Number of protein chains: 2
Amino acid sequence: MAGQAVTKAQPRFQPAAPDTAFICNHLNVSRQSFSHWLNEVVTADKQPVADVLNALRGQQIYGPKRPANGVFIINEGAIRLFRMMADGRRAIIRSLFPGDLLWVGSNDLQAFEAEAVIDSHLSWFAGDIINKLMHEAPQIRAFLLDHITEDLRCLQNQLVTLGRKLAVERVAFFLTMLAARQCQRGMPIDPVLLPMSRSEIADFLGLTTETVSRSFSQLKAMGNISAQDQGAVHIHDVERLASLADGL
Amino acid sequence: MAGQAVTKAQPRFQPAAPDTAFICNHLNVSRQSFSHWLNEVVTADKQPVADVLNALRGQQIYGPKRPANGVFIINEGAIRLFRMMADGRRAIIRSLFPGDLLWVGSNDLQAFEAEAVIDSHLSWFAGDIINKLMHEAPQIRAFLLDHITEDLRCLQNQLVTLGRKLAVERVAFFLTMLAARQCQRGMPIDPVLLPMSRSEIADFLGLTTETVSRSFSQLKAMGNISAQDQGAVHIHDVERLASLADGL
DNA sequence: CGTTACGTTGAAGCCAGTCAACCTGGGTGG
DNA sequence: CCACCCAGGTTGACTGGCTTCAACGTAACG
C-alpha cells in the first residue's frame, strides 16, 4: 500500500535550468487554468520545462528521504500532505486537488510527506526553473505568490478550526471548504465529493473516525446534509453550514 | 486596551512605487540582519522605501477593516496574529518577533488581525515596492521566499500540535519553539523569555489558561523546566523537552 | 492597604476518545 | 451462486483528558 517509487514519464527530476524562452502571450487567464498553462511552458529548443509524474493510489510523492527544492502542480487526482508522529499518530496537513501547488522549500528537509490519495498526475518544476520563471515572467511570479499566500490563509483557517472548534463545527468547516474548492474548480456544487476515507477526514480535523461519523450523523439529523452513498454528500444550505462552521 | 490608530512616523501607508535604486552590495548577510538591512533600502533620491510604524502594547496593526497588500517587518517588540470567532473564542495563529515578516495578501481582505503584544516597532513595505524589489534584486526575492516557506513550515508544525498532541506536549512544543527562535535571533537560550500571558499561550495552543498552568507545573514536577519568575523559564535539557513535544 | 489582574490549584462536568458490537459492500474461492 | 472474509462505516456504552467553575495566592499599583 505505502509508496514505491513514482512512475516518471521523463527522467530528469532536478535538471539544470534550460534556456527558457517563454510563450508569454495570453496571460490574463483564470486561476486554475493558469496552472494548466504553466505546463505548456517550453524551453528555447521546444523541450517542456516541467517533469511529468504519475503516482498510483498510496504512492509517496515527496518525503524527508527526498529533499528537493521546487514546485509540484497537481493536474489530476488528489494528494495528501501529512506528518507521522513517532507513536503512529497522524496529522494531515492539507489535501491538494487539481490546480493546486505544492511548494517544497530548500532550507532543510521538509517535515512532511506527500502521497497520492487516488491515482494522480502531477508536474514538477525544479527550483532553478521556478527562479528563472519568476525572474523573467512577472505574471508567473504574481501567480505563484498569490497561490502561496492563499496556502497561508488556508492553513490559518485550519489552525482556528483545530484550535477552537467543536467536532460538528470542524466537520461543517470541512464540507464547506470542499464545496468551495469544488466550485472554484468549476465543478457543480451539488454532490460534494469526498475522495477520502473517514480516517483521513479524522486525521485532517484532529478527531477520530468515530467522532467524524457521529458528526456526519448529527449534521444529517439536523437537516444540514444528506448522503446517497458515503462518497458524496448533498449540502442543503451552504450559507447555513458555513455559519455553523463558524460557531453561529 | 484594544487598539486605537497606530502612531506613524511617516505618513505614507501605501505610496506609489518610488524609483528605487538599491544598495545591492554586501548581500551575503545572515537571516535576521537581512531584515534589518531591508530597512536601509532607499530610493534614487535617498528617500527611505519603508514606512516606519510604532505600536503601543495592545494596539491594532492590521485588521479586516484595513485591507492592504505588502509586507511588515518586525524590528522590535512582539506581534500576535489572531482570529476571533463570533462568540468570543480566540485563536492565536502566530507570534512574531524581531526579524520576522508578515505578509498581507492582496486578494481579499485577510481573515486575521494583528496587534502588538508589547510596545513594538515595525516597517511597512507596500505591495508594489515588494514587487519592484523582487524583480530587481534576486537576493531579496530569495530571502522573501525563504521566509514565506519558513512561515508555511511553522504553521504546519502548529497544525500537528493542535491536531494530535496532548496538553503537556503542546506546552513542551511551545517552549522548544521559543527557545529555538531565541537562539536563532542570537539571544542566549538560558532564560527563555515569555513575553505573553498564560491566556495568550492558551489561545495559541488551543487550550485554556488553567490547562496551560497545570502543564507548566507538570513540566516542573517532571524536572524538565524551572522558573524563577513567571516571565522567564529555564529549560534543563532542550533535547529531552523537544522529544517530549514529539510524544516520545 | 485595598483593588485589580493574573496565576495556581482543586473539584466537578462534559466533550471527544476508547473499546466493542454490528452492519454493509466488495472481493474471493469453493 | 453462495458462503466467507475483510475493510470501512455506524452506533452504543464507558472512560479519560480537558474544560468549567470556584477558591485562593501573589504581585503591581494607586
Side-chain angles (χ1 to χ4, degrees), chain A residues 1-2 57-58 80 85 87-92 117-118 161-175 193-222 225-233 244 247, chain B residues 1-2 57-58 80 85 87-92 117-118 161-175 193-222 225-233 244 247:
Chain A
M1 201 190 206
R57 174 191 150 90
R80 80 176 137 240
M85 289 178 66
D87 58 354
R89 280 177 277 180
R90 183 177 69 166
I92 292 182
V117 182
I118 52 179
T161 299
L162 295 196
R164 285 286 173 239
K165 286 185 191 171
L166 300 175
V168 205
E169 294 169 345
R170 298 190 198 199
V171 174
F173 162 80
F174 176 69
L175 290 174
L193 302 174
L194 311 170
M196 66 274 285
S197 69
R198 298 297 142 124
S199 88
E200 280 216 52
I201 301 175
D203 287 344
F204 181 76
L205 296 175
L207 299 170
T208 58
T209 55
E210 293 94 331
T211 306
V212 171
S213 187
R214 274 185 252 272
S215 301
F216 267 102
S217 306
Q218 200 175 331
L219 287 173
K220 280 174 203 160
M222 292 190 301
I225 62 170
S226 53
Q228 35 276 42
D229 61 80
Q230 66 204 12
V233 167
L244 206 166
Chain B
M1 200 192 208
R57 174 191 151 92
R80 78 176 139 240
M85 289 178 65
D87 58 355
R89 280 176 278 181
R90 183 178 69 166
I92 292 183
V117 182
I118 52 180
T161 299
L162 295 195
R164 284 285 174 242
K165 286 185 191 169
L166 300 174
V168 206
E169 295 169 345
R170 297 190 199 199
V171 174
F173 162 80
F174 177 69
L175 290 174
L193 302 174
L194 311 170
M196 66 273 286
S197 69
R198 298 296 141 125
S199 88
E200 280 216 53
I201 301 175
D203 287 344
F204 181 77
L205 295 175
L207 300 170
T208 57
T209 56
E210 293 93 331
T211 307
V212 171
S213 185
R214 276 185 250 272
S215 301
F216 266 102
S217 306
Q218 200 174 331
L219 286 174
K220 280 175 203 159
M222 293 190 300
I225 62 170
S226 52
Q228 35 275 43
D229 60 81
Q230 65 205 14
V233 167
L244 207 165

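Below, chains carry the letters A, B, ... as their sequence lines are ordered, and counting in each starts from 1. The model shown is predicted, which means the values in this text are computed figures rather than measured ones.
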Salt bridge (charged side-chain N to carboxylate O under 4.0 Å, His left out) partners of B/Asp229, counting only residues at least two apart = none
request  = Work out how much the helix from C/dC1-D/dG30 to C/dG30-D/dC1 bends between its end axes, five pairs an end, to the nearest 10 degrees.
outcome  = 20°
query = To the nearest 0.5 Å, what is the distance between OG (B/Ser217) and CE (B/Met222)?
reply = 11.0 Å
task = Might you work through the side-chain contact (heavy atoms from CB on, under 4.5 Å) test for A/Lys165 and A/Leu205, ending with a clear yes or no?
result = CA-CA 10 Å; A/Lys165 286 185 191 171; A/Leu205 296 175; over 6 Å; no
inquiry  = What is the separation between atom CZ on A/Phe216 and atom P on C/dA16, rounded to the nearest whole Å?
reply    = 15 Å
inquiry  = With the threshold set at under 4.0 Å for non-hydrogen atoms, list the residues of residues 194-207 of chain B touching DNA chain C in residue-number order.
reply    = B/Ser197, B/Arg198
key: Between P of D/dG17 and CZ of B/Arg164, the distance in whole Å   = 16 Å
message = Categorize A/Thr209 for me: base, sugar-phosphate, or nothing, with a 4.0 angstrom heavy-atom threshold over every strand shown.
response = nothing
Rounded distance in Å - CD1 (B/Ile225) to C1' (C/dT8) = 14 Å
remark   = Which of D/dT11, D/dC18, D/dT19 is nearest the side chain of B/Thr208? It is D/dT19
query = Can you check side-chain contact (heavy atoms from CB on, under 4.5 Å) on A/Glu200 and A/Ser197, steps first, answer last?
reply = CA-CA 5 Å; A/Glu200 280 216 52; A/Ser197 69; 3.8 Å; yes
query = What does nucleotides 24-30 of chain D look like as a protein-contact string, B for base, S for sugar-phosphate only, - for none, at under 4.0 angstrom between heavy atoms?
reply = -------
inquiry  = Quick check for you: among D/dC18, C/dT8, C/dC15, whose closest atom lies nearest to any side-chain atom of A/Leu166?
reply    = C/dC15
query = So which of A/Thr211, A/Val168, A/Ile225 actually passes side-chain contact (heavy atoms from CB on, under 4.5 Å) with A/Phe216?
reply = A/Ile225
message = Are the side chains of A/Arg164 and A/Arg170 in contact, using a 4.5 Å heavy-atom criterion?
response = no
inquiry  = Nearest whole Å is fine: how far is D/dA13 P from A/Arg214 CZ?
reply    = 11 Å
key: Separation between CZ of B/Phe174 and CG of B/Leu194, rounded to the nearest 0.5 Å   = 6.0 Å
inquiry  = With rounding to the nearest 0.5 angstrom, report the CG to CG distance, A/Leu207 to A/Leu166.
reply    = 10.0 Å
remark   = Note: B/Ala172 and B/Leu244 closest approach over all heavy atoms is CB-CD2, 4.3 Å
note = CE (B/Met85) and CD (A/Glu169) are apart, to the nearest 0.5 Å, by 5.0 Å
Polar atoms only, N or O, under 3.5 Å: list the protein pairs with nucleotides 20-25 of chain C and their distances.
none

ask   = Looking at CG of B/Leu175 and CG of B/Leu219, how far apart are the two atoms once the value is rounded to the nearest 0.5 Å?
value = 6.5 Å
key: salt bridge (charged side-chain N to carboxylate O under 4.0 Å, His left out) against A/Arg198, all qualifying residues, sequence neighbours excluded   = none
task = Verify the contact: side-chain N or O of A/Thr211 to OP1 or OP2 of C/dA16, cut-off strictly under 4.0 Å; return yes or no.
result = no
Between OG on residue A/Ser199 and CD1 on residue A/Ile92, distance to nearest 0.5 Å = 7.0 Å
